[in-house]
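Scroll down for the structure; my scribbles are underneath it.
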Amino acid sequence: MSVPLDEIRVLHVDDDPDLATVVATYLEREDDRIDVRTATSATDGLDILAATAVDCVVSDYDMPGTDGLEFLDAVREHHPELPFILFTGKGSEEIASAAISAGVTDYLQKETGTEQYAILANRIENAVERDRSQRALAERKRRLETLISNLPGMVYRCRNEPSWPMEYLEGECERLVGYPAAAIESGELSWGKEIIQPDDRERMWETVQAALDDAEPFEVTYRVRTADGEEKWLWERGRGVFEGGEPVALEGFITDVTDRKRREEELTAKTARLEALFDRSPDMIDVHDAEGTIRDVNRRICEELGYDEEELLGRKVWEVDEVIGEEQARELWARMESGDRRKVDGRYRRADGSTLPVEVHVVRFELGGEDRFLVISRDVSERVAYEQDLHEKNRQLGGVLDTVSAGIFMKQPDGEYTVLNETAREWLGVDPETPVAGLSDEQLFSPDAVRRIREEDWRAFATGETVEVRERLARGDGERLVRTQKHPLYDDEGEPDAICGVVTDVTERERRRGELRKYESMVDAMRDAACIYNAEGRFEVVNDYLTEFYDTSREALVGEKSTLVTAIREEADGDPFAELVAGDREEIRGVREDEFPGHGHAVVDYRLTRLTIQGAFGGVVGVARDVSDQRERERALERQNERLDEFVSVVSHDLRNPLTVADGRLELVRDECDSDHVDAIARAHDRMETLIDDLLELAREGETAVEIEPLALGEFAERCWENVAADGATLVVDTDTTVYADRSRFAQLLENLFRNAVEHGADSGDLAVTVGDTDDGFFVADDGVGIPPEKREQVFESGYSTSLDGTGFGLRIVAQIAERHGWAVAVTESAAGGARFEFGDVERG
């Protein structure tokens, strides 16, 4: 059940007001039904929820104070069913799992570009539509249950067998027969064999079967024996449920008419005169005098209104008919001559207070010299109800037609239109206020178009089949591709009666099909083996690279069992693939070395994940990559690392120890003699110490894991500057960005850049070093002498230095640290002509 959406009120909570404004703008642009209110904190969002009706909440996750999941918990306390979408830039499987566990309606990670807002608008619309549909369904169920609970009887469904086996009972079953509905539904008690009185069973069966033979509803009155032995009269109305033309079940309503039946029996003796007098008329008949006093009544009016004859006799007609008043009645009678007949509409009030609409025929006549008025009334409840129902259905149908996105029309064989919904009017350029009657093809289209349209219409009439036409139509929002389907209708004689048409805008559908073809081409172009398995581990979808791997065709591979899935099941404890299919695990990852028919010996890195489509299992997505070369490189790298460890050991022990001895000896020499050569030797020792430290740092970079944390770039740079001998240089901070980096390595990166600027950037101490933002990261720049363009590619190489005192490893370490973080690094010229180091692809908060 889908409930059409009108206005969609969205609350968007994000601590970044600029981003919140951008999101609101794009959402309202994507769907003009969306109205977004923004809040920059969970507290403000809760205040808005308390004061304003909201259809959906969209919230960021990473917010100061209260994060998105804590905000969700607060919302659920007062709005347990309100759609809540987590729209966050800090995405991870852990956060997604926590969000789903917390009851989030949907989860969407922020991306770059504007396409994400169309996705978000679609998620909002789907969430709100589901919520409204569920509430509408619940209300409909509640109304139906209320209706049944207020009926003076019970509704049922039973099989068409003499024992009337009951499949469903709802209502006042125990009040009617004294037995619980469950006992009858289960077959513990037979309605036909144990509850209905034996003398009435055959008559009831024949009455029902006769009605079923004519495919008509039936009414039957019969006696039952209740649980406490009391005999009751029940009245039943129902109709058959047919399958293949045969009645398989009955559905209807049963109520207690014992009191009415007893009154009827008591009145039987008294109605003989009335039956003869009124000829057993099925209509309600009464006779009243010129004063409006009822003098005589027939049985029908007593039965219909629920009065005894004595209760009606002596009443005034306006006490029975609530439509006509005394003054109005006297005016009517005054205009009538003897023998005149008048027809009026009335509404009679029953003894129980209910009313029924009636069609009243009044005839004036004389009886014994006195004026009398014969009133013949007919219950028109069914006709009125039918007319009301027909009017309501027409209204509902019109409303439905006007809300569907497709254009719907109906026209006669001569091209004159009888139905045009709002969308069809829009496509045809017909004003909403223009009546449909009188509109024709000639008024709406050119002569050439009319000829083409008529040919399509009569082709449909001739073949009896739907004719489909695709064409491009110009609208205010541009040219659109539409599909028109024309279905012929015929009258009872088989002659052409009308054309029913549906005009559908398929522009977006065709665009999506084109995109799907692009995606399919992209998947087939992948150099990874990709496929989708069914629940048994058989191939359902495969890409070209996978067929090459197996040296076979797509057709031959689809339906075959995967050797990978078979191996996973055989080698693992339990059945991880079955757990993945059932949703008990999120993925299966691993590496497998095997022989492949079209690929030879290979090592593949594979990952299997569960595919969910509209909440249900849709398959298992498998992606495998040939990592044979990578494995060989890893082995080579392991050997290289072993050699590097040996080198580090030599540097740290075999070189540093002799240098320590040399430093000690030099100090003894300094004490024993005064020579200019001593200071030169000390400076050489210092340079050797620095070289050893940089070599060790360069060799050890990458051995330990990178521990990422948010760091305020400006404050962190100022602390690092304090560790550098500035020699009169100054630091300028032009950023308030937060970057995600390893604290110790990032400090080493900044300090190396600062030392490089101070030591190589200027001839004097008058130097300014600036730290600022770029579009995707940050920069460190100085206003010194800069780096010549032809030298910029060399600065990150080990051993490169423009200073005699430099080791040539400082910027190489900077490049390695950037690489460990996944950053791009480049050197350019600063605005002041100095050196500028730019770092891109940096994760920022």
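No hydrogens, no waters, no symmetry mates; every other heavy atom, side chains included, goes into these values.
- Applying the salt bridge (charged side-chain N to carboxylate O under 4.0 Å, His left out) criterion to R341, with sequence neighbours excluded, gives no partner residue.
- The stretch residues 173-216 participates, sequence neighbours left out, in these ring-ring contact (aromatic ring centres under 6.0 Å, His included) pairs: W164-W205.
- Annotation: side chain of D286 is not in contact with side chain of N298 (no heavy-atom distance under 4.5 Å).
- With sequence neighbours excluded, no residue forms a side-chain hydrogen bond (donor to acceptor under 3.5 Å, both in side chains) with E185.
- Between I85 and C56, the shortest heavy-atom distance links the atoms CD1-SG, 4.0 Å.
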Side-chain donor/acceptor pairs under 3.5 Å, residues 244-258, sequence neighbours excluded:
residue	atom	partner	partner atom	Å
E251	OE2	R157	NH1	2.5
T255	OG1	P152	O	2.4
D256	OD1	T258	N	2.8
D256	OD1	T258	OG1	2.5
T258	OG1	W233	N	2.9
T258	OG1	W233	O	3.3

Could you walk me through whether Q412 and D497 pass the side-chain hydrogen bond (donor to acceptor under 3.5 Å, both in side chains) test, one step at a time? CA-CA 6 Å; Q412 298 172 353; D497 186 53; over 6 Å; no
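- A donor atom on one side chain and an acceptor atom on the other are not found under 3.5 Å apart for Y156 and E170.
- The structure places OG1 of T221 at 9.0 Å from CG of L234, a figure rounded to the nearest 0.5 Å.
- Residues E304 and R350 are in side-chain contact: their nearest non-hydrogen atoms beyond the backbone lie under 4.5 Å apart.
- By the 4.5 Å heavy-atom criterion applied to side chains, R425 and N421 are not counted as neighbours.
- Annotation: salt bridge (charged side-chain N to carboxylate O under 4.0 Å, His left out) contacts of E291 (sequence neighbours excluded): R330.
- R383 pairs by the side-chain hydrogen bond (donor to acceptor under 3.5 Å, both in side chains) definition with E359, not counting sequence neighbours.
- Residues R9 and T52 have side chains that never bring a donor and an acceptor to within less than 3.5 angstrom of each other.
- Looking at residues two or more places apart in sequence or on another chain, you find no side-chain hydrogen bond (donor to acceptor under 3.5 Å, both in side chains) involving T105.
- Under the salt bridge (charged side-chain N to carboxylate O under 4.0 Å, His left out) criterion, R76 pairs with no residue at all, not counting sequence neighbours.
- With hydrogens and angles ignored, the 3.5 Å screen pairs no side-chain donor or acceptor of E230 with any backbone N or O of T226.
- Of all heavy-atom pairs spanning F461 and L489, the tightest one is CE2-O, 3.7 Å.
- Judged as a side-chain hydrogen bond (donor to acceptor under 3.5 Å, both in side chains), and not counting sequence neighbours, the contacts of Q197 are E231.
- No donor-acceptor contact under 3.5 angstrom links the side chains of T355 and R349, judged on distance only.
- Residue pairs meeting the side chain to side chain donor-acceptor pair (under 3.5 Å) criterion with at least one partner in residues 311-321, sequence neighbours excluded, are T293-K316.
- Pairs engaging residues 430-439 under the side chain to side chain donor-acceptor pair (under 3.5 Å) rule: none recorded [sequence neighbours left out].
- Enclosure of atom CD in E382 is not indicated, since only 12 or fewer non-hydrogen atoms of other residues, nucleotides or ligands lie within 6.0 angstrom.
- Every residue two or more places apart in sequence or in another chain was checked for a salt bridge (charged side-chain N to carboxylate O under 4.0 Å, His left out) with R342, and none qualifies.
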